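The structure appears right after this line, and notes come after that.
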Protein chains: 2
Amino acid sequence: MNTIHKSIQSSGGRLTKIKKAITDILSQSCCLLTKQELVNQLKAIHIKPNRSTIFRELGFLTKHNVIIKNTIVGIDYYEIPKGHHHHLVCMGCKSISKVEFGNHLEKQEQQIAKENKFKILNHSLEFYGYCHKCQV
Amino acid sequence: MNTIHKSIQSSGGRLTKIKKAITDILSQSCCLLTKQELVNQLKAIHIKPNRSTIFRELGFLTKHNVIIKNTIVGIDYYEIPKGHHHHLVCMGCKSISKVEFGNHLEKQEQQIAKENKFKILNHSLEFYGYCHKCQV
DNA sequence: ATATTTGCAAACGTTTTGCATAGTG
DNA sequence: CACTATGCAAAACGTTTGCAAATAT
């Protein structure tokens, strides 16, 4: 049983076929998935949950921080919160990939926190443009 | 007639009371506004448009880049695209303010573009935490 | 055995659409 | 005058809810 499965259980959830499948698919994906893409991948392995079940599962997993919901240019994406990374958003094919970034923002973060008397806990950074395939 | 009013007209839109009011309110706001906050501010100056009119106006203005729609932690905010800035998102009072940032990300941007063969045109950066008032 | 999860159908709220009238350029 | 904008009512859409049966621990 992996870390994600454990965190589902410690949130009071049960390790059902659907929860397992959703988190496995998201874990193995290199990019962020929409609800629809997720449902399609579930279908591919012959899991066809009811609409309301999908809403409830995604709600549960998001609420307990097992997965993260991220709205980018108006579309909701889901991903596993793994490591610190940012996103490359392709305005051509609309795919969103993850990119490692390290701690390059730390200094600016401290300065901004000081100037604005704002306690910064976290940040998100998205780069918009065109992926290799979509550059002509 | 200001720049925003001109850009409405050059998009084929007419300078109606509602369009003027929406863009004026957003221009003068130091923070990002939700649709509801916008509607409330319109009410305050005795403009009470129909629901569908609000949707249509925000749609028009967003489509023609007169205003920007930004979804942050699940809530849609509207703002005027003015200068390059980022956002401080207070997890306490849920207010979102703008913060100037300069070009500090340029080097990292170039590196990421190179490593991922990704043509970066733009980026967005949000800092999450607690504003001065909400820090206890 | 008990509490959670699921599917189904109905309810709900938001967003969109068609059309007639009003308003802008 | 031509074309956009508006309000209204109806339709469409996504999401949520109540309940009974199925499933996990």
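Fair warning: this is a prediction, and the values are worked out from it, not measured in the lab. To find a chain, count down the sequence lines: A is the first, B the second, and so on, and within it residues start at 1.
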Could you write out each protein N or O paired with an N or O of nucleotides 10-13 of chain C at a distance under 3.5 Å?
none

Between [N] ([atom2]) and [X] ([atom1]): distance, integer Å:
| X | N | atom1 | atom2 | value |
| --- | --- | --- | --- | --- |
| A/E57 | D/dT15 | CD | P | 16 Å |
| B/I22 | D/dA5 | CD1 | P | 12 Å |
| B/N50 | C/dT15 | CG | P | 13 Å |
| A/I47 | C/dG7 | CD1 | P | 10 Å |
| B/K48 | D/dG7 | NZ | P | 12 Å |
| A/Q9 | C/dT5 | CD | C1' | 14 Å |
| A/L42 | C/dT6 | CG | C1' | 14 Å |
| B/F55 | D/dG7 | CZ | C1' | 15 Å |

### Within-4.5 Å side-chain heavy-atom neighbours: B/Y77 and B/H87
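Result no, sub-4.5 Å side-chain heavy-atom pair not found.
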### Message
How about NZ on A/K48, more than 12 heavy atoms from neighbouring residues, nucleotides or ligands closer than 6.0 Å, or not?
### Response
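Enclosed.
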### Task
Classify the nucleic acid contact of A/G59 as base, sugar-phosphate or nothing, counting any heavy atom under 4.0 Å across all strands shown.
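A/G59: no heavy atom of the nucleic acid under 4.0 Å.
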### Message
Using a heavy-atom cut-off of 4.0 Å across all strands, would you classify B/K35 as base, sugar-phosphate, or nothing?
### Response
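B/K35: backbone/sugar contact only, no base atoms under 4.0 Å.
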### Message
Parallel, tilted or perpendicular, judged at 30° and 60°: which one describes the rings of A/H123 and A/H84?
### Response
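Judged by the thresholds at 30° and 60°, the geometry between A/H123 and A/H84 is perpendicular.
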Given 3.5 Å as the limit, does a donor-acceptor pair link the side chain of [X] with the main chain of [Y], or not?
| X | Y | result |
| --- | --- | --- |
| B/K117 | B/K114 | no |
| A/T23 | A/K20 | yes |
| B/S29 | B/L26 | no |
| B/E79 | B/L32 | no |

### Task
Using a 4.0 Å heavy-atom cut-off, write out nucleotides 17-23 of chain C from 5' to 3' as B (base contacted by protein), S (sugar-phosphate only) or - (no contact).
BB----B
### Task
Heavy atoms only: give me the nearest B/N65-B/P81 pair and the separation to one decimal.
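The answer is O-CG, 3.8 Å.
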